[in-house]
K.L.:
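Pasting a structure below so you can have a look.
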Amino acid sequence: MPTLLVDSVSTVLSKKRILEAITFELHKGEVLALVGHNGAGKSTLIKTIVGVLNKTSGNIVINGSDQDDDLLSYKQSFSYLPEEPLLLSELTVLQHFQLYGKSYQISETSLHERIDDYVTGFELTDKLNEYPESLSKGMRQKVQTICAFLPDTPLLIIDEPFMGLDVYAIAYFEQLLKDKIVKGTSILITSHQLDRVKNIADRYVLLQEGKLVQSGSIDDFDTITRRTE
Amino acid sequence: MKPSILWAYTFLGRQRFKKKMNIYQLTLRTVIDKTIAFYLAVFFGYLFMTMFVFGNVLSEYEEQFLWMQSQGERYFHLLIAVIPFRYIFLSFRHPGVMFSSSEYQLSLLPYSRQHIWFLSFFNKVIKRLFVMVLIGLCLFLLTPISGIFILKYFGMFFLIDFGMTIPQWFMFQRNILIKMLFWFVFVTINGIVFIVQSDPFSVVMLISVLLILNILLYPRLFVGVDWGKVITLCDYHLWNMAFVSRVSQVRIKPQRKYSLMRKLTYRKKPFHYTSQSIHHRLWQIVFIRNIEYIIQLIGILVLMLAVLNYIPKAGFMFIGIAVALYAYAAGTTSFFTNQFQADLVEVLPWDLMAYKQSFLKWYIMGSLPILVPLVPYFILHFTWWVPVQILLILLTGIYIYHVEINYSIAVLSKAKIAFVKERWISFIFLCLVVGSSPYPIVACLFPIIFPFLIEQRSFSILYDGS
């Protein structure tokens with residue numbers, strides 16, 4: 001059973017078809033890179049999988065839970081790191097971690113252990129009681145990254161993870177990602193930094209104008225051509 | 001050559017207007033094609049001709065208009081004195097002068113931010129003047145209300161709108177204590193106006209106060225301005241087009257509320273690691289973001305029930321209660337759903353039953369003001385049936401709450417449960433409430449609600465979707 005099954009998924013926004021019959025699978029412990037030009041449909045696909053956008057046809061199944069038939073279990077089966085932090089301006093950094101912990105049913109002891117590790121790694125120990133507005137963009141991205149890494153879900157969905165992170169944070173992020181992979185977490189990742197993605201991913205899926213045009217082993221992936229070519 | 005700020009500002013305004021018109025046109029085209037547009041034009045043309053040209057409908061309401069005018073003349077001094085409160089309320093969510101991200105971008109070019117602000121201020125004043133003249137003309141031409149009366153009122157509306165713009169801008173930048181200070185000033189003015197009971201005195205006093213406020217606040221106009229907050233809220237007000245959002249089904253995110261609560265230190269403390277503790281904070285966030293709608297919902301229901309107190313026929317009050325029970329449950333349910341359709345919570349897993357449990361406390365708290373107008377009614381119309389009638393009303397209210405929330409939970413979790421039977425039962429219980437007025441013995445049927453209530457209380461959506 002694949003960790004993620006995307007089967008003939010189409011998405012329409014304002015009567016315009018953004019995604020057309022996308023089909024692919026992602027297996028346990030595997031990293032799949034979603035690549036394509038700006039406007040190819042990567043973020044729309046991610047948002048459709050996450051459930052922020054509604055698909056018009058097809059099926060999405062994570063770890064056996066169907067998005068349409070079993071939404072609550074489906075939502076427990078993945079963790080999402082968005083391109084832009086979705087932090088609430090009314091909650092402090094630590095309160096965000098607690099919200100994630102409770103939502104993913106992490107025990108209090110386990111949550112605090114993980115928070116201690118990640119906060120030290122991302123150098124945020126003195127920011128736990130701050131509101132997001134008082135943090136820099138990079139720090140907010142780090143907070144959102146920690147939130148996404150706290151739960152042990154079968155699938156981790158990551159949209160443009162390197163935006164706003166400094167080199168040390170990127171190195172730590174890659175280390176955490178490797179730890180997750182070793183534990184068997186499957187990862188769906190999208191990024192414009194193709195070199196970095198090539199170091200992490202096992203396979204790739206290339207989107208172009210909302211269609212899946214190519215897929216295969218990341219070793220066979222060369223680069224994306226110019227959009228106008 | 002020095003660039004013309006007036007040209008740049010009007011260019012910006014023209015482009016913004018064009019863009020908005022384009023969006024409205026595109027939206028209209030998706031809902032109205034040429035055939036429908038033709039029939040609509042014929043329909044409205046017919047309606048206009050029937051009402052105003054042949055039917056002369058407005059002349060039938062001549063007495064009412066004249067009554068309105070006589071009341072308006074009698075209470076002129078009181079009515080104009082309360083208008084400034086509107087601007088105090090508005091200052092919580094609108095700076096009063098449009099300074100969006102486009103104006104901000106313009107200020108990064110070689111144009112002064114202050115000059116742009118003043119252009120925006122005069123733009124607002126001219127628009128308001130135009131709208132008021134238009135409405136005033138329509139009233140003058142279509143109704144029997146006298147021109148002097150219209151001029152007197154609209155003149156004061158305009159003067160107050162003009163005079164309160166700078167105070168509103170100032171209050172928007174400041175905390176609630178400053179707003180309360182303004183509130184106190186205008187409460188005092190209203191008190192004096194009420195005692196003196198003179199139109200000329202009221203006008204002179206109001207204009208003098210507005211003049212003093214503007215003179216005092218003018219030098220502080222650009223001191224301590226939170227431009228980020230101004231821009232965020234102006235962008236929201238500018239582009240949040242309700243019709244477009246509804247048709248395109250693209251949600252405009254509610255503006256971020258910069259509440260005083262964030263400054264309270266205890267709110268920074270970590271949560272007790274329980275769902276209840278975390279959910280209560282999340283509900284507070286939703287309520288603060290939707291405070292205007294909540295006040296509107298509760299306010300309308302309180303007003304309706306308060307007015308019904310003065311209607312001698314008892315049946316109307318019970319119909320009002322039934323309407324209020326349903327409207328309140330349906331309204332609060334939309335806030336419940338709202339929690340899961342925006343921001344961070346949307347992408348998190350949902351323990352919907354825990355959310356429902358934590359929401360009940362807020363549901364009950366919000367219903368308390370609605371119960372207030374019922375107290376004098378039941379005291380004045382007391383019989384030994386009243387306790388049983390109240391029991392029936394409360395149980396019906398709780399039952400409808402469970403049904404509506406459970407229905408929302410089913411929709412959110414995509415569970416295929418229709419809730420047709422439950423909604424019919426809600427309707428029957430509401431009918432019992434209405435029927436308990438002419439036939440109080442009907443209220444004795446309240447125990448039949450219990451088994452249905454227990455069934456709804458124990459409703460649950462499991463993680464396998466069943």
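Order of the sequence lines fixes the chain letters, A, B, ..., with proteins taken first and strands second; residue numbering starts at 1 for each chain.
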K.L.:
Decide if atom NZ of B:Lys179 counts as having more than 12 heavy atoms of other residues, nucleotides or ligands within a radius under 6.0 Å.
P.N.:
yes

K.L.:
When you check the gap from the basic side-chain N to the acidic O, do A:Asp69 and B:Lys416 get nearer than 4.0 Å?
P.N.:
yes

K.L.:
Select one option (side chain, backbone, both, neither) describing which atoms of A:Leu128 are under 4.5 Å from chain B's heavy atoms.
P.N.:
neither

K.L.:
Would the number of heavy atoms belonging to other residues, nucleotides or ligands and lying under 6.0 Å from CZ of A:Phe162 be above 12?
P.N.:
yes

K.L.:
Nearest 0.5 Å, please: how far is CG in A:Leu72 from OG in B:Ser413?
P.N.:
5.0 Å

K.L.:
Once rounded to the nearest 0.5 Å, what's the spacing between atom NZ of B:Lys414 and atom CG of A:Asn54?
P.N.:
5.5 Å

K.L.:
Any chance you could lay out the side chain to side chain contact (heavy atoms under 4.5 Å, CB included) test for B:Leu348 and A:Lys75, step after step, and finish with the verdict?
P.N.:
CA-CA 7 Å; B:Leu348 286 174; A:Lys75 285 177 83 67; over 6 Å; no

K.L.:
Salt bridge check, B:Arg289 against A:Glu90: does any charged N sit closer than 4.0 Å to a carboxylate O?
P.N.:
yes

K.L.:
Quick check against the 3.5 Å criterion: does B:Tyr273 have a side-chain atom that pairs as donor or acceptor with the backbone of A:Lys102?
P.N.:
yes

K.L.:
Should we count NZ of A:Lys178 as having more than 12 external heavy atoms under 6.0 Å?
P.N.:
no

K.L.:
Less than 4.5 Å to any heavy atom of chain B: does that hold for the side chain of A:Leu94, its backbone, both, or neither?
P.N.:
side chain

K.L.:
Examine whether an atom of B:Leu344 lies under 4.5 Å from a heavy atom of chain A, and if so say whether it belongs to the side chain, the backbone or both; otherwise answer neither.
P.N.:
both

K.L.:
Does any N or O in the side chain of A:Gln98 come within less than 3.5 Å of the main-chain N or O of B:Phe271, such that one atom is a donor and the other an acceptor?
P.N.:
yes

K.L.:
To the nearest 0.5 Å, what is the distance between OG1 (A:Thr92) and CZ (B:Arg267)?
P.N.:
11.0 Å

K.L.:
Could you tell me if the side chain of B:Trp350 sits less than 4.5 Å from the side chain of A:Gln76, heavy atoms only?
P.N.:
no

K.L.:
Looking at B:Phe419, I want to see if its CZ is surrounded by more than 12 non-hydrogen atoms of other residues, nucleotides or ligands under 6.0 Å.
P.N.:
yes

K.L.:
With a cut-off of 6.0 Å (strictly less than), are more than 12 heavy atoms of other residues, nucleotides or ligands near CZ of B:Phe89?
P.N.:
no

K.L.:
Is it the case that more than 12 heavy atoms not belonging to B:Arg457 sit under 6.0 Å from its CZ atom?
P.N.:
no

K.L.:
Is A:Leu91 close to chain B through its backbone or its side chain, or both, or neither, when contacts mean heavy atoms under 4.5 Å?
P.N.:
side chain

K.L.:
If every non-hydrogen atom of B:Lys269 is compared with every non-hydrogen atom of A:Gln95, which pair is closest and at what distance?
P.N.:
O-NE2, 2.8 Å

K.L.:
Any chance NZ of B:Lys19 has more than 12 other-residue heavy atoms, nucleotides or ligands included, within less than 6.0 Å?
P.N.:
no

K.L.:
Quick one: what part of A:Ile106 sits under 4.5 Å from any heavy atom of chain B, side chain, backbone, both or neither?
P.N.:
both

K.L.:
Is the number of heavy atoms from other residues, nucleotides or ligands under 6.0 Å of A:Lys47 NZ greater than 12?
P.N.:
no

K.L.:
Is B:Leu282 in contact with chain A via its backbone, its side chain, both, or neither, using a 4.5 Å heavy-atom distance?
P.N.:
side chain

K.L.:
With rounding to the nearest 0.5 angstrom, report the NZ to CD distance, B:Lys268 to A:Glu130.
P.N.:
5.0 Å

